[in-house]
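Input: a single structure, listed below in structure tokens.
In each ligand, atom 1 is the first atom listed, and ligand 1 is the first ligand listed.
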Amino acid sequence: MTAVKKKLVVLISGSGSNLQAFIDACANGDLNAQISCVIANKAEAFGLQRAADAGIKTAVVNHKDYDSREAFDTVLAQTIQAHKPDLVILAGFMRILTPAFVNAFAGKLMNIHPSLLPKYTGLNTHQRAIDAGDDFAGVTVHFVTPELDGGPPILQAKVAIDASDDAESLAQKVLQKEHIIYPLATKWFLDGQLTLQGNSVLKDKDLLSKNGLLYQE
Ligand code: NHR
Ligand code: GAR
């Protein structure tokens, strides 16, 4: 008998190409998991359509309907908890979360950030890497802690920046890596290999370095 499927809740704000990578990984058996619900903070997020097409439950919690971040996060947390997920996945989710929210899901909340953290926290990461003359851009899967983009990295992937790259071309190349490393890090988590310990990650018995692991094809 195969093990009971683990439950994921995925939070999105936009296109949901990372969500699609999870939908595909659950469908093809790369992940022994099911997506219990996809939640967006914007009704127009295209990822909601991807979820509906895959027969996955969706919900919209619009931050504009709430007076404060705390009020938004309270309803968001309730909407998630209704599904009792094993892991909550931020996949292009664009609202900064309050400490109360993050602490409620401590050790069960992951994000993918389009830079080689600790470089370029926040927004416009690819343009900033180009402007700085960096040779590489990249992406980081990390546990979420109250400090924005400051939670400990699990897995990174690098992409060379070519002279012809602009932020858009770089974003497309980085997304291809995202679609590989986010389901992979999730598989490790669901297999019980990853633990958030303070501001560090344990993979099996190894304490990961401050950049996490580097994905090599
Ligand atoms: N919340 C906490 N507490 N910690 C993190 O590490 C988080 C988080 C919430 C989201 C994703 C993050 C990213 O990977 C993320 C990590 C949104 C913003 C932002 O400035 C910054 C980083 C991230 C997500 N959001 C604006 C805000 O006022 C809104 C911007 C918009 O709507 O376009 O919340 O990059
Ligand atoms: C991804 O590149 C993700 O790393 C980034 O947004 C994109 C979402 O794409 N995340 C952030 O910038 C978080 N602030 P998707 O909607 O197609 O998965």
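- Listed for the R50 side chain is a donor-acceptor partner under 3.5 Å among the backbone atoms of G16.
- Contact annotation for F93 and ligand 1: only backbone heavy atoms (N, CA, C, O) come within less than 4.0 Å of the ligand.
- By the 30° and 60° cut-offs, the orientation of the rings of F72 relative to Y66 is tilted.
- Ligand 2 is approached by G16 to a heavy-atom distance shorter than 4.0 Å.
- Residue contact check for ligand 1: T125 places no non-hydrogen atom closer than 4.0 Å to it.
- The part of V144 lying near ligand 1 is the side chain, judged by heavy-atom distances below 4.0 Å.
- At a 4.0 Å heavy-atom cut-off, ligand 1 does not touch H63 at all.
- Where the criterion is an N or O separation shorter than 3.5 Å, residue side chain and backbone included, L123 fails it with respect to ligand 1.
- Residue-level proximity to ligand 1 for E147 is carried by the backbone, the only part with a heavy atom below 4.0 angstrom.
- Of all atoms in ligand 2, numbered sequentially from 1 with element shown, those under 4.0 Å from a heavy atom of I112 are 4 (O), 10 (N).
- For ligand 1, the polar-atom distance check finds an N/O of N111 within less than 3.5 Å of one of the ligand's N/O atoms.
- The backbone of P146, and not its side chain, has at least one atom closer than 4.0 Å to an atom of ligand 1 (non-hydrogen atoms only; backbone = N, CA, C, O).
- Distances shorter than 4.0 angstrom occur between a heavy atom of L175 and an atom of ligand 2.
- In this structure, of L97, I96, N103, the residue bringing a heavy atom nearest to atom 20 (O) of ligand 1 is I96.
- The distance criterion of under 3.5 Å between nitrogen or oxygen atoms is not met by G150 with respect to ligand 1.
- Residue contacts with ligand 1 for V102 involve side-chain atoms from C-beta outward but no N, CA, C or O (heavy atoms, distance under 4.0 Å).
- The distance criterion of under 3.5 Å between nitrogen or oxygen atoms is met by D149 with respect to ligand 1.
- Classification of R128 and D134 as a salt-bridged pair fails, no side-chain N sitting under 4.0 Å from a carboxylate O.
- Here the shortest heavy-atom pairing between L175 and N18 reads CD2-ND2, 3.9 Å.
- Near I112, with a cut-off below 4.0 Å to any heavy atom, the atoms of ligand 1 are 14 (O).
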